[in-house]
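To start, the structure under review is shown below, and the notes come after it.
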Amino acid sequence: MTDLLLVLQLAIEVAFGLLAVRTAVSWIRSPDRRHGYLALALTSLALLILIAPALGGSGAGAQALTDLALVLFLFSGYALVMFRDTFVPISTNSRRWITAGIVLVGAFGIAAQLPADTQRLHGPLQSTAVAAVLVAWTLCILEPISRFWIAASGRRAVEAARLRALSLGYAGIYFVVMIGTFGVSLGQVGTLVTDLITLAVVPILYVSFAPPAWLRRFWRQPEEDQFRSALHDLLLHSPDRQTLAHRAIGWAQRLVGGESAFVIDSDRSILAARGVAADEAEQIATRNDFLSVAGQGHQPWRKDHMLIVPLDLEKGRGAIVIVSGRLTPIFGDDELNRLVQYAISITASLDRVSLNSRIQALERAKSDFLNVASHELRGPMTIIKGYLTMFEAGSLGELSPMANSVLPLLIAKSDEINWMLEQMLETSRLEEGRLELNKRRRDVVEITDMAIDGVKMLLRGHELKVDEPAEPLEAEVDTDRFQIVIRNLLTNAAKYSPAGSDITVSIGRKEGMATVSVIDHGAGISLQDQANLFTRFGRIQNAQNVQGTGLGLWLSREIARMHDGDLTVESEVGSGSTFVLAVPLKQ
Ligand code: ADP
């Protein structure tokens, strides 16, 4: 039995010793008041447990040891109150009173010469001194237990769990000391039971005061689950950088339990702030010059009660600054690692949003250019075309045979330009939502023939075959826009197939749709390129030496779809392409 008790006593000493060493190491790593008081409290408790077996006996040495134990005991209580003060501050006056009270009780205990031999009977003064010491210490512990528990309510998951754990830790210490004090008087069995209970409480103290990574992960779990689903939305659907940054720091705060946070952009402006006014955040940022220091590495770093997470933005270094309030947990290494990963996602997203807005601005500029250019060029081109036609008709007098011979080419080229301008105009109309169809019931065969007539000049180098039904195919169409599509398909067929090759236009009906197929035996389009064919300005390899805007097919498909139809392609490199325009038939 005695051996067992000795082993248990040793185990308790080792366990408390390790706990003290662990908190002392954290203090050395983060030398602030909070870590310091915790290390002092647990070290004095560990020392007390260590010297406890040596207490007893008589003589000046034994008395000095008893007094030392008394001082350590009260000191542990004092350090625990001060540790609590770093979370929930005590007023300066109260702090003075507590310090004075502890010193007085300690002095009283020493003056009363508490007997070194615990079995000896206490005199009335000594009993009062023991009671005073126990009451003082109890107050130092019981108050934080309730204070932490109350402070936890209404807080976010990580903070609340941390505060409750602290409350539990204080309760654990109280329990250990109380049963240790009274258990001794219960004989060997009593000591055995109290030792076992003490050992069982040690793990609770570990997780409360130095929460391991797995426990912090567990605390974060409820936040993490929500976080994962929110991150996707956050990263993909934030309309601008401010909104993204604002949402991002909200989550950064929740993940590590910060009280306020802000984001510094690469130009040192405050992109977003939470829990702190933007101008205040700016002052903090200017005072601390986070970005210059952040330039030294990618890792988050601490300054005072702040955690700085560098953001490697495309335009330069930025940072997320999380301010840990008094009630927030001590940031652990795994929180920091989590934040590093988080910062990488946020950096990429912030850059993506800037890139998006830059692309949008470019797109707008492109549309504006299309609009202006097509409008401005149309007037002069109409005049040029008009005069060329008059020359051709001879209304402006006789031209030399040489001049006459180039006229058809000039007219064909001006038609080409006019056609491009028309595409550009329609495109800018479509982009601005101004393209409205003027649909009427028309015969698709007839308007396709009209469209073919309009581009016959451009198809002169090819063999054109038209395969059409004798009866009309009626559909609700905007004649002009429908002809734009046919003209586009025909000019493309001519442009992208060798001179002299066949071009076939085949008109028919299929599954309630009127179809116009334009078939050529030209370059053909690979499957891969077909994916880019109907995009705005989408031109592919085979178009390198051919004039064009890359707008025609995009515009044509949009027009087809506005008719509730479609424009599709089947093509094979080297053997040619078939484009099919389909619109619903009118019964
Ligand atoms: P553009 O002809 O003005 O370049 P389009 O939008 O009409 O623009 O066509 C887009 C691209 O698709 C063309 O640049 C060309 O590379 C390819 N293309 C279109 N029609 C054909 C075709 N019949 N045969 C081969 N390639 C074609």
Side-chain angles (χ1 to χ4, degrees), residues 363 366-367 369-370 373-374 377 381 412-431 435 448 451-452 454-467 480-506 515-562 565-582:
E363 289 284 323
K366 242 187 207 175
S367 300
F369 175 75
L370 273 187
S374 47
L377 293 175
M381 274 316 295
K413 287 294 166 194
S414 67
D415 279 344
E416 247 177 67
I417 298 177
N418 272 329
W419 165 232
M420 279 190 197
L421 290 178
E422 192 176 343
Q423 279 188 343
M424 285 158 67
L425 263 179
E426 289 288 70
T427 300
S428 67
R429 279 194 197 116
L430 191 64
E431 278 173 346
L435 193 125
T448 305
I452 295 173
V455 285
K456 268 225 165 103
M457 285 281 277
L458 298 175
L459 305 176
R460 270 187 313 191
H462 292 80
E463 201 62 44
L464 181 69
K465 294 181 182 162
V466 182
D467 172 15
D480 290 342
R481 268 62 188 244
F482 190 89
Q483 290 193 45
I484 287 181
V485 180
I486 303 294
R487 248 188 291 160
N488 180 35
L489 297 181
L490 283 170
T491 47
N492 276 352
K495 283 197 302 190
Y496 303 110
S497 58
S501 61
D502 286 355
I503 295 175
T504 308
V505 179
S506 169
T515 58
V516 181
S517 310
V518 177
I519 305 151
D520 68 57
H521 303 285
I525 308 152
S526 70
L527 262 183
Q528 207 183 352
D529 285 337
Q530 286 177 28
N532 297 324
L533 216 53
F534 297 97
T535 55
R536 233 161 45 107
F537 301 105
R539 305 201 76 208
I540 54 180
Q541 206 67 28
N542 65 9
Q544 261 172 355
N545 304 316
V546 187
Q547 270 184 356
T549 56
L551 292 172
L553 285 180
W554 175 75
L555 182 66
S556 300
R557 178 174 267 185
E558 293 295 317
I559 291 176
R561 291 188 173 168
M562 285 171 85
D566 206 356
L567 175 65
T568 50
V569 64
E570 271 179 31
S571 184
E572 207 175 300
V573 179
S575 31
S577 318
T578 301
F579 284 86
V580 183
L581 166 68

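This chain uses plain numbering: 1 for the first residue, then up along the sequence. Note that ligands are numbered from 1 as they come in the structure, with each ligand's atoms numbered from 1 the same way.
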**Message:** To check you understand the geometry: which heavy-atom pair defines the closest contact between Met424 and Ala373, and what is its length?
**Reply:** CE-CB, 4.1 Å

**Message:** Tell me the closest heavy-atom pair linking Leu533 and Val569, and the distance in Å.
**Reply:** CD2-CG1, 4.0 Å

**Prompt:** Which of the atoms of ligand 1 are close to Ile525, meaning less than 4.0 Å from one of its heavy atoms?
**Reply:** 25 (C), 26 (N), 27 (C)

**Prompt:** Looking only at heavy atoms of Phe579, does any of them come nearer than 4.0 Å to an atom of ligand 1?
**Reply:** yes

**Request:** Run the contact test for Gly550 against ligand 1 with a 4.0 Å cut-off on heavy atoms, strictly below, and give the result.
**Result:** yes

**Fill in**
Shortest non-hydrogen pair, Phe579 vs Leu489, comes out as CB-CD2, 3.7 Å

**Message:** As an exercise, identify every atom of ligand 1 less than 4.0 angstrom from a heavy atom of Gly538.
**Reply:** 10 (C), 11 (C)

**Request:** Can you see which heavy atom on Ile484 is nearest to which on Glu426, and at what distance?
**Result:** CD1-OE2, 3.4 Å

**Item:** Per-atom contacts of ligand 1 with Leu551, taking only distances under 4.0 Å to non-hydrogen atoms
**Value:** 6 (O), 8 (O)

**By salt bridge (charged side-chain N to carboxylate O under 4.0 Å, His left out) - contacts of Glu558 (at least two apart)** = none

**Request:** List the steps, then state whether side chain to side chain contact (heavy atoms under 4.5 Å, CB included) holds for Asp520 with Tyr496.
**Result:** CA-CA 9 Å; Asp520 68 57; Tyr496 303 110; 5.8 Å; no

**Message:** Please work out, at 4.0 Å between heavy atoms, whether the side chain, the backbone, both, or neither of Leu489 comes within that distance of ligand 1.
**Reply:** neither

**Asked** Mind checking whether Ala523 has an N or O less than 3.5 Å away from an N or O of ligand 1?
**Response** no

**Request:** Return the minimal non-hydrogen interatomic distance between Ser571 and Gly576, and the atom names on each side.
**Result:** OG-O, 3.2 Å

**Message:** Closer than 4.0 Å to some heavy atom of Ser577 - which atoms of ligand 1 meet that?
**Reply:** 24 (N)

**Request:** May I ask you to check whether Lys495 has an N/O atom sitting below 3.5 Å from an N/O atom of ligand 1?
**Result:** yes

**Asked** When only distance counts, is Thr549 in polar contact with ligand 1, meaning an N/O pair under 3.5 Å?
**Response** yes

